[in-house]
Amino acid sequence: MTPENKLSYIIPQIVKYQNVDDLLENNSHHSLFNENNLSINDVLKENFVCIVGEPGIGKSRLLDEVKERILPKPFFYKASEFTTLSTPKENEYCIIDALDEVEGHSFYNVLQSIKHYKKKNPKIKVLFTCRKHYVASYARHFADCNHLTFIEICRLSERDVMNVISGNCNCSEATLANINKSPKLKELITIPRYLTFLLEYIKQKGECLNIGELFEYMIVCSIKAAIEAHKGIQNTESIRILLQRLLEKMAFVMEISRKDQISKDELYTILDGIKGNMTQMFIANFDLLYFESRILKDTDGTLQFENTELQEYLAAKELCRQDDIESVLYDVAVHKELKHIYPNWYDVIPHISYSKDRIHTFINVFRLIISYESNLENVAFENLLKYVDPSVLSIQQKEELFSIIFEHYQRIPAYIMWKSSMSNLLQKCYTINCDSQIILSHDKLNKIQLSNVTVTLDAIVEVKKHSDGIYNYWRQAANYLMGTDDNENKLAALNLYNALKCVDELIQLSESYSYFTKKLKEKYCEVTGYMRIADNRVVDCWLNDCYISNPYAINAVLYIEDLPTLIYAYSKIIEDGKLCEFFNEKGSLAVFYDLHLKSQFDIAWKGNTENKELITRIITSFISNQSYTTHSEINAIIKQILFNETTGQLFIKSFDGIWDLEDLFRRFDAELIDIELISSLDKSLSEAHVEPWYINDILTNLINKIRKDKDKKDSIAEYVERYADTFKRWDEESIKTGNKKTDSHNQQLIKAYEVLSDANVSQYDKYEAVNKLSDNIEFVKAQNTAPLIDIIKAFFDELDLDKMILERKTHNSFTLPWALPKIPAFIKVLYHLGINDLLNRYRITLAKTLPYFCVTRNYDTNEIRDIYKSVIGSISDDEKQQLVKWWKDRKDDFMNISSDDICMCITDYSIDALYYKLEEYVEQYIEHTDLDHSIAAAKALDIISNGDYGWNIGRYRKLFSLLEDESITSVKMQCNEIMIEKFQDSEAITWRINYLKNNVISVDTN
């Protein structure tokens, strides 16, 4: 391999085992969080270690990385050349590579030599490599090596592999698509050797026309590598061809035998069947197959391909050499009595669909399988077609394949997934001659069949291949379905409108939107939003549901790409005061605000000043409501906003607390920071009359990230000079703590600590500083804690829970007094510092705040929960009565904020007097069946069923009868389960049986 083709080293996951038994017992329990994971520097510290891994995993490459870090250079040997007599005794390291490549009869002797060498030279660190299956074969002898540990190199992660391939400038989209077609290939290239072959292929060929080319290249390279390792072989190309032919025959025999291993005796039998002058040449180099070969591995005389798809590919090549493939396949792959195809052939057959000269054979074979497997499982059906390239099909073959696929999905209860490989294949194979199959009577189709028609239409219409006849037929069918009273028909109609891109019909439906059910509204928002319909009547429908935080409606607004429509939608949201609802979706559907807001910002920023101010307000609200967001794209938008004087001022003034701004800019990446950002921010903060202390705090954070950047430091020299004393103090502190690089996080903590004793800083800001320090207990412990404890005491002395008002705005929106979220943080500090007298003093205060404990969390909930339980301890009956009375007497929403916390009061502290809240949650769910109320009701019902709250079978039956949602995870299903398990109710059992028989779980393909 040429140096320029060498794969840039990716540090693999390296796992350590103390002995051979641990290695062989735990080979399937690797974890990224395994405490035995090592770095390369950790490997250097090992005294006597065997580095193991499967072939091609990178054992020798790891040794190269190790050698580069050792000075002076270590002694390095190939295991086949190692002898104790020739090995020096004065070096710190001795490295031995490829014990598995030692000839069989010498393997034990070399292992013993390594063992004795280490015994005589205990101070020399010995590292050697071996394939794992050799360790398994000689486990007893490895166990005899005293103090020998094992390091296993694991495969690369799929993410690392795809990053390498995607980052290769020569890799085409076609090659990436072919790789993604084969999960087994993606698994294979997690082995660095095969990944390197793939990169070499991409560099040489530029594009991969089909996956077979990749397999062929890998196999040829592997065989060549084996031949090159053996010196003196004549006719190398002839030997390579013979080796490959033998591998193909061997793979074919293994598939016929339905096995993935073969003994050497069985291999000799295959060799007996090979005729010709080349046979003797091959037998003379027999060990090439499994000794040096990169394809076969040998374990105790049993040979196995490194990857099953390589075996399947090679078997398919041998199958294609047969004169009558269909007849041969019938003989070897079909169970004659059962008329059943052996399942392993479903993985072999796809490999004959690559090329134009074989596609007719594949179609014939495909027909054969369909005829024998009338109830062919959908997974097998799709697998057979995964490598079909429609570009090599004739028009007749396309139409025939379309017919087979379409009929298959009309016959079996399986969905064609939207934008899937099957829909893509239907799209590529469709011609107008296929219309007769698609024109079906919609009233005779079940839900799945109609969905599959819809997905097929979507694929065809997308590339404008459809005829007017097919379009008009299904548009009229959609109109008919929408006019019925059946909501399932209406959902199907909306999907058809989406597939056919019927914009006018969807706009007209906006007039009926208010009469839709919740599910129909969600589908309407989904369809019209995805289609980017720029009509204010449709947008008003979206906004109607945005105001109740419906994620489908929110996504629809985020899809807007038309500037006037964008301005209309966001202006109304701001005017109606619904930004909080818009940025706090309710439900299980994900909303990717940052992804879409970036695109919408670019659109609005091209508009006038008012447009820019509007989108600035939207971005500011997003940051305020989604404070956990750290994506660099949003930060890039903020930078652009600050460059504009008008929007910059608006942005700064939109934040209520300066600490929010400081936290925001602390997360800026160094790549985004430059003199333009710093000067713009300096000006905006000053003109907004922000206190100088805060301005300095924000600017020093940003400047510190780039003050040593050679490309930026000159431009910010004036600012560095302005804050020279601050940076000097930070650098001195870093030296004291032993850090070679400035720790910006540590500097923030130092500044926060200094605030505690600064007379010029307000008490509120000192509370904020303590809040920040509470997440860094180890830092706090290293300081003089007296100032911090004094601030906490002052906080609790000022705290008056009776005067605090908690107000709920919507179900997930409420206002909290600023002090409440700080209580858990301050208690955490006191707990870790062991200030028990203060903890006891504040015990009842903590107990009073239990009903909103989870709501105020910006910390590890489990940790705070344990601290609270430790501090509060057992609550006496008198205390429980006083607490419940205090809670009930409040006139605000104190007890209506968090159902989670109310449930915790009952389960963790046995405050059973709050039982009335559990019944309240159940009653609320009957009236409001959204996800949030459902979660609360489910938790409440679980506690009720496990406690002694007087609910008899009659109460459960009444609740069951009032609930409508019968989905498998619904509260109604939970109620049914309780009646069965707790009361063995016969009616509940009968209902469950009928449900399982009749209910079909719907899968939404759109």
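- In this structure, the side chain of Tyr552 does not engage the main chain of Gly529 through any donor-acceptor pair within 3.5 Å.
- Looking at Arg957 and Asp985, a side-chain N of the basic residue comes within less than 4.0 Å of a carboxylate O on the acidic one, giving a salt bridge.
- Here the CD atom belonging to Glu987 is positioned 8.5 Å from the CD1 atom belonging to Ile953, to the nearest 0.5 angstrom.
- With 3.5 Å as the limit, one finds a donor-acceptor pair spanning the side chains of Tyr949 and Asp912.
- Environment of CZ in Phe983: crowded, with over 12 heavy atoms of neighbouring residues, nucleotides or ligands closer than 6.0 Å.
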Checklist entry - What do the steps show when you test Tyr513 against Leu520 for side-chain contact (heavy atoms from CB on, under 4.5 Å), and what is the final call? => result CA-CA 9 Å; Tyr513 183 80; Leu520 277 173; over 6 Å; no

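- Within the 4.5 Å cutoff, the side chain of Glu581 has no heavy atoms near those of the Ile548 side chain.
- Put simply, the side chain of Asn452 gets close to the backbone of Tyr409: a donor and an acceptor are under 3.5 Å apart.
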Next on the checklist: Would Leu494 and Met482 count as a side-chain contact (heavy atoms from CB on, under 4.5 Å) here? Give the steps.
Outcome noted: CA-CA 8 Å; Leu494 288 173; Met482 184 53 72; 3.7 Å; yes

Next on the checklist: side-chain contact (heavy atoms from CB on, under 4.5 Å) for Lys519 and Leu491? Distances and angles first, verdict last.
Outcome noted: CA-CA 8 Å; Lys519 196 169 183 180; Leu491 285 171; 4.0 Å; yes

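- Side chains of Ile448 and Ile412 form no contact here, defined as non-hydrogen atoms less than 4.5 Å apart.
- For CD of Gln261, the number of neighbouring non-hydrogen atoms (other residues, nucleotides, ligands) closer than 6.0 Å is greater than 12.
- For Tyr842 and Phe826, the ring centers sit 6.0 Å or farther from each other.
- Surrounding CD of Glu964 are at most 12 heavy atoms belonging to other residues, nucleotides or ligands under 6.0 Å away.
- With Ser945 contributing its side chain and Leu941 its backbone, the two residues share a donor-acceptor pair below 3.5 Å.
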Next on the checklist: What verdict does the side-chain contact (heavy atoms from CB on, under 4.5 Å) test give for Phe381 and Ile405, after you've listed the backbone C-alpha separation in whole Å, the side-chain angles of each residue and the deciding distance to 0.1 Å?
Outcome noted: CA-CA 9 Å; Phe381 181 87; Ile405 297 172; 4.2 Å; yes

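- There is a side-chain donor-acceptor pair under 3.5 Å between Asp443 and Ser441.
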Checklist entry - What do the steps show when you test Trp886 against Phe894 for ring pair (Phe, Tyr, Trp, His ring centres under 6.0 Å), and what is the final call? => result CA-CA 10 Å; Trp886 187 82; Phe894 197 93; 5.4 Å; yes

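- With contacts defined as side-chain heavy-atom distances shorter than 4.5 Å, the pair Ile341/Leu376 does not qualify.
- Taking the side chain as every heavy atom from C-beta outward, Ser874 and Tyr909 never approach each other to under 4.5 Å.
- Side-chain contact check for Asn378 versus His408: some heavy-atom pair is nearer than 4.5 Å.
- Looking only at distances, a side-chain donor or acceptor of Gln974 sits under 3.5 Å from a matching main-chain atom of Ala938.
- Listed here is the closest heavy atom pair of Asp458 and Asn498: OD1-O, 4.3 Å.
- Cation-pi geometry between Lys848 and Trp887 is not met: the NZ or CZ atom fails to fall both under 6.0 Å from the ring centre and inside 45° of the normal.
- At least one donor-acceptor pair closer than 3.5 Å links the side chain of Lys880 to the backbone N or O of Ser910.
- Distance CG/Leu850 to OG/Ser898: 11.0 Å, rounded to 0.5 Å.
- A pairwise comparison of heavy atoms in Lys972 and Asp965 identifies CB-O, 3.2 Å as the closest pair.
- Pairing each heavy atom of Phe406 with each of Ile438, the nearest pair is CZ-CA, 4.1 Å.
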Checklist entry - salt bridge (charged side-chain N to carboxylate O under 4.0 Å, His left out) between Asp908 and Arg865: does it pass, once the steps are laid out? => result CA-CA 10 Å; Asp908 289 14; Arg865 191 168 182 167; 2.7 Å; yes

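- Scanning for ring pair (Phe, Tyr, Trp, His ring centres under 6.0 Å) contacts around Tyr921 gives an empty result, with sequence neighbours left out.
- Rounding to the nearest 0.5 Å gives a distance of 5.5 Å between SG of Cys546 and CD1 of Ile554.
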Item to check | Step-by-step side-chain hydrogen bond (donor to acceptor under 3.5 Å, both in side chains) determination, Asn976 to Arg992 | outcome: CA-CA 8 Å; Asn976 174 260; Arg992 177 65 69 94; 2.9 Å; yes

Checklist entry - Where do Asp486 and Lys490 land on the salt bridge (charged side-chain N to carboxylate O under 4.0 Å, His left out) test, with the steps shown first? => result CA-CA 6 Å; Asp486 189 299; Lys490 291 180 178 181; over 6 Å; no

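- Residues Leu801 and Arg890 share a closest heavy-atom pair of O-NH1, 3.0 Å.
- Panel note: side chain Gln449, backbone Asn446; a donor-acceptor pair is recorded below 3.5 Å.
- Side-chain atoms of Lys419 and Asn424, non-hydrogen and from C-beta on, never get closer than 4.5 Å to each other.
- A side-chain donor-acceptor contact under 3.5 Å links Glu585 and Tyr593.
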Item to check | Chi angles and distances behind the ring pair (Phe, Tyr, Trp, His ring centres under 6.0 Å) call for Tyr530, Trp418 | outcome: CA-CA 13 Å; Tyr530 181 78; Trp418 189 53; 5.1 Å; yes

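- Side-chain contact between Ser549 and Phe583 is absent, with no heavy atoms from C-beta onward closer than 4.5 Å.
- A donor-acceptor pair under 3.5 Å links the side-chain atoms of Thr907 to the main chain of Cys903, judged by distance alone.
- Scanning both residues, Ala913 and Val884, for their nearest heavy atoms gives CB-CG2, 3.8 Å.
- Remark: Tyr497 engages no residue in a ring pair (Phe, Tyr, Trp, His ring centres under 6.0 Å) (not counting sequence neighbours).
- In this structure, the separation between CH2 on Trp542 and CG on Asn550 is 13.0 Å, given to the nearest 0.5 Å.
- Judged purely by atom type and a 3.5 angstrom limit, Ser420 uses its side chain to pair as donor or acceptor with the backbone of Met417.
- Minimum heavy-atom separation, Ala493 to Ala478: CB-O, 3.4 Å.
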Item to check | CA sep, side-chain torsions, deciding dist, call: Glu879, Arg843, salt bridge (charged side-chain N to carboxylate O under 4.0 Å, His left out) | outcome: CA-CA 11 Å; Glu879 288 174 331; Arg843 174 176 171 271; 2.9 Å; yes

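- With sequence neighbours excluded, no residue forms a ring pair (Phe, Tyr, Trp, His ring centres under 6.0 Å) with Tyr925.
- Rounding to the nearest 0.5 Å gives a distance of 11.5 Å between CG of Leu914 and CG of Asp901.
- Residues Trp991 and Phe960 bring their aromatic ring centres within 6.0 Å.
- Tyr916 OH: more than 12 foreign heavy atoms inside a 6.0 Å radius.
- For the pair Lys521 and Tyr515, the cation-pi test (distance below 6.0 Å, angle within 45°) is failed.
- To the nearest 0.5 Å, the span separating CG on Asp900 from NZ on Lys939 amounts to 3.0 Å.
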